[in-house]
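What you see is a predicted model; the values in this text were computed from it and never measured. Convention: sequence-line order gives letters A, B, ...; per-chain numbering from 1.
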Protein chains: 2
Amino acid sequence: MLYLIGLGLAYPSDITVRGLEKVKQSKKVYLEHYTSILMNASLEELCEFYGKDEVILADREMVEGGCEEMIEASLTEDVSFLVVGDVFGATTHTDLILRCKQRNVPFEVIHNASVMNAAGACGLQLYNFGQTISMVFFTETWKPDSWYNKVLENRKIGLHTLVLLDIKVKEQSIENMARGRLIYEPPRYMSIQQCCEQLLEIEEIRGEKAYTKDTPCVAISRLGSDKQAFKSGTIEQLASYDSGEPLHTLVILGRQTHDLELDYILEFADDKENLTEMLRKDQEYFKPLPWVPPSEDEMSD
Amino acid sequence: MLYLIGLGLAYPSDITVRGLEKVKQSKKVYLEHYTSILMNASLEELCEFYGKDEVILADREMVEGGCEEMIEASLTEDVSFLVVGDVFGATTHTDLILRCKQRNVPFEVIHNASVMNAAGACGLQLYNFGQTISMVFFTETWKPDSWYNKVLENRKIGLHTLVLLDIKVKEQSIENMARGRLIYEPPRYMSIQQCCEQLLEIEEIRGEKAYTKDTPCVAISRLGSDKQAFKSGTIEQLASYDSGEPLHTLVILGRQTHDLELDYILEFADDKENLTEMLRKDQEYFKPLPWVPPSEDEMSD
């Protein structure tokens with residue numbers, strides 16, 4: 001049996017009681033280790049918490065390569081595949097389940113919180129979110145902006161946009177990759193500042209006003225940990241905000257911001273009056289035109 | 001301290017290890033008991049699992065009335081407020097946290113899976129979902145359809161729509177309410193069938209083709225429990241599908257359905273060929289027009 005188990009957001013003890021039972025009874029335990037990290041736990045702490053000698057790190061090569069060995073083992077014994085957050089955050093895990101089905105490997109999913117639902121902690125209502133986007137690290141020559149249209153689409157219908165910030169774990173430099181050297185760069189986690197700078201950079205290029213420098217956002221840092229922090233401000237303001245240690249997530253507000261949501265996010269603003277004004281101003285974008293009765297001229301036609 | 005703790009979806013053991021610690025150390029434990037239910041547990045089983053003599057049921061009156069007593073108690077002792085799924089599913093809990101802040105009541109949120117992220121188990125990618133809608137029980141005279149525009153907006157930009165199905169727990173009949181009799185109706189949970197019938201009924205009235213009877217959907221039943229079931233089909237097909245015991249959720253597909261998503265949901269279809277055809281047909285709706293080069297006439301202008 002293959003147990004696919006969500007670990008939640010921060011602590012070893014964020015695993016569910018049922019999840020922990022399954023880990024303990026598993027012969028082999030894998031930890032998916034490239035789409036996210038568990039903020040408040042080292043690998044040693046996890047091993048100790050699970051009462052295991054070993055937790056095998058599953059990197060991108062292993063997971064995208066099909067996890068053959070893991071699937072094979074699951075045919076004859078209990079195996080756990082641990083994912084930070086929930087199991088269905090990343091496409092590749094859906095693919096893994098499909099392969100289990102094809103191979104008749106029995107599997108069970110044990111869910112947990114992920115940023116996709118826990119982001120509600122910033123006070124914005126989950127049912128007002130549109131499609132989610134990912135912001136990758138730009139380079140001098142590579143600045144992908146396919147997310148721009150998605151923000152525009154969300155904001156046209158008044159919805160908030162969750163922005164997932166890039167992380168680079170166990171990545172090779174282009175030089176090392178070219179030379180086949182298995183040397184990995186130190187892990188990198190995008191900051192709120194960099195994300196907002198990239199947002200401004202692309203708006204400058206595209207100029208379609210999917211958002212402006214004054215569009216209100218909420219920065220979510222270290223969600224679910226003891227160092228969790230929120231900061232509300234405009235994109236421009238957050239482009240000079242020091243968000244501290246990772247992980248971070250950003251929400252770009254949509255027009256449909258209710259008063260209760262506003263009350264909540266104002267608590268996280270440096271200047272409440274300014275943010276309220278920016279929000280009112282931003283709500284004018286994409287606003288449906290008010291209905292006006294036809295003029296007398298038109299009536300007489 | 002007030003601990004707001006998500007319980008996850010089905011089993012008493014779906015609570016996190018950290019959540020369970022906090023419940024055990026709490027003097028008073030409340031269970032929010034009107035926006036959802038824990039499928040695989042009775043109140044007695046919960047008490048036993050937590051090692052508590054009592055778990056106080058918090059009904060709509062109590063929560064929307066402000067939970068004065070609970071907040072007051074949290075000033076001097078540890079209190080747990082348990083919510084099926086995650087804490088930020090329902091607006092009223094954000095409101096509760098705002099009141100804690102105003103009263104300087106220390107609080108901590110312990111997240112868990114909710115339908116908002118665990119719905120990914122049906123194989124559709126969470127980042128392709130638009131705004132979430134709620135479907136309430138229609139009556140002869142009351143058929144609210146404000147959700148219709150939201151489905152239309154989502155589908156115009158190709159996104160999936162998560163439909164939360166109404167539940168009625170501890171509701172009074174109009175007659176009993178009028179006479180001030182504290183007699184409550186048996187609990188009711190909307191079935192997939194009824195939800196789809198109501199979808200068809202409103203499309204019949206509105207006629208704006210937000211969706212058609214042939215629009216593909218995925219029915220999610222008893223998510224996260226041992227009786228979890230998925231069924232893919234068109235709205236018309238699912239309007240005669242017996243979805244069994246509650247709870248249920250529906251996803252209306254959007255045009256942006258990827259091949260991996262399709263592979264996954266076809267596993268849950270009675271007739272794969274038919275559903276593939278319906279999906280291809282449905283993808284023609286709201287499709288951006290293909291770019292055509294200007295005609296020679298236009299060129300010569």
Side-chain angles (χ1 to χ4, degrees), chain A residues 6 8-9 11-21 49 85-89 91 94-95 97-98 101 109-123 125-134 150 153-154 156-159 162 164 223-224 228 256 258 260-261 263-264 267, chain B residues 6 8-9 11-21 49 85-89 91 94-95 97-98 101 109-123 125-134 150 153-154 156-159 162 164 223-224 228 256 258 260-261 263-264 267:
Chain A
L9 300 163
Y11 301 92
S13 55
D14 279 341
I15 194 172
T16 65
V17 173
R18 196 156 70 90
L20 183 59
E21 278 168 17
F49 190 78
D86 193 30
V87 178
F88 292 99
T91 320
T94 316
D95 194 42
I97 293 177
L98 266 180
K101 288 185 179 184
V109 173
I110 298 177
H111 292 283
N112 210 321
S114 68
V115 63
M116 308 289 277
N117 70 334
C122 75
Q125 297 298 321
L126 289 175
Y127 49 78
N128 288 337
F129 279 70
Q131 56 202 323
T132 300
I133 65 163
S134 295
K150 293 177 194 270
E153 287 169 343
N154 285 344
K156 270 189 181 164
I157 55 176
L159 302 180
L162 184 69
L164 303 177
L223 181 61
Q228 174 176 283
Q256 286 189 31
H258 298 174
L260 182 65
E261 291 179 292
D263 286 351
Y264 208 101
E267 302 269 320
Chain B
L9 299 163
Y11 301 92
S13 56
D14 279 340
I15 194 171
T16 66
V17 174
R18 196 156 70 90
L20 184 58
E21 279 167 17
F49 190 78
D86 191 30
V87 177
F88 292 98
T91 320
T94 317
D95 195 42
I97 292 177
L98 266 180
K101 289 184 177 185
V109 173
I110 298 176
H111 292 283
N112 211 321
S114 68
V115 63
M116 308 289 278
N117 71 332
C122 75
Q125 297 298 321
L126 289 177
Y127 49 76
N128 289 337
F129 279 69
Q131 56 203 322
T132 300
I133 65 164
S134 295
K150 293 175 195 273
E153 288 169 342
N154 285 344
K156 271 188 180 166
I157 56 176
L159 303 179
L162 183 69
L164 304 177
L223 180 61
Q228 175 176 283
Q256 286 189 30
H258 300 173
L260 182 65
E261 291 178 292
D263 285 352
Y264 208 102
E267 301 271 320

### Query
Where on A:L126 is there a heavy atom nearer than 4.5 Å to chain B: the side chain, the backbone, both, or neither?
both
### Query
Of all of A:L162, A:I15, A:V17, A:L9, which one pairs up most often with chain B through heavy atoms under 4.5 Å apart?
A:V17
### Message
I need the minimum non-hydrogen distance between B:G224 and A:R18, along with the two atoms involved.
### Response
O-NH2, 3.7 Å
### Query
Do the non-hydrogen side-chain atoms of A:L159 and B:E153 ever get within less than 4.5 Å of each other?
no
## Note on the structure
So, the part of B:K156 with a heavy atom under 4.5 Å from chain A: the answer is neither
### Shortest non-hydrogen contact between A:N117 and B:S114, atoms and distance
ND2-OG, 3.1 Å
### Query
Looking at A:N112, A:D263, A:V115, which makes the most heavy-atom pairs under 4.5 Å with chain B?
A:N112
### Region of B:L260 in contact with chain A, defined by heavy-atom distances below 4.5 Å
both
### Top of A:A118, A:G158, A:A119, A:G130 for chain B proximity - count of heavy-atom pairs under 4.5 angstrom
A:A118
### Task
Return the option, out of A:G123, A:S134, A:A121, with the maximum number of heavy-atom pairs under 4.5 Å with chain B.
A:A121
### Task
For the pair A:N128 (side chain) and B:T132 (backbone), establish whether a donor and an acceptor sit closer than 3.5 Å, ignoring hydrogens and angles.
no
### Message
Less than 6.0 angstrom from the centroid, inside 45 degrees of the normal: does B:K101 satisfy that with respect to the ring of A:Y264?
### Response
yes
### Query
Are side-chain N/O atoms of B:Q125 and A:T94 paired as donor and acceptor at under 3.5 Å?
yes
### Query
Between B:E261 and chain A, which part of the residue has a heavy atom less than 4.5 Å away: side chain, backbone, both or neither?
neither
### Query
For residues B:T16 and A:D14, is any side-chain donor paired with an opposing acceptor at under 3.5 Å?
no
### Query
Could you give the distance from OH (B:Y127) to NZ (A:K150), rounded to the nearest 0.5 Å?
8.5 Å
### Message
Please rank B:P12, B:G6, B:S13 by heavy-atom pairs under 4.5 Å with chain A and give me the top one.
### Response
B:S13
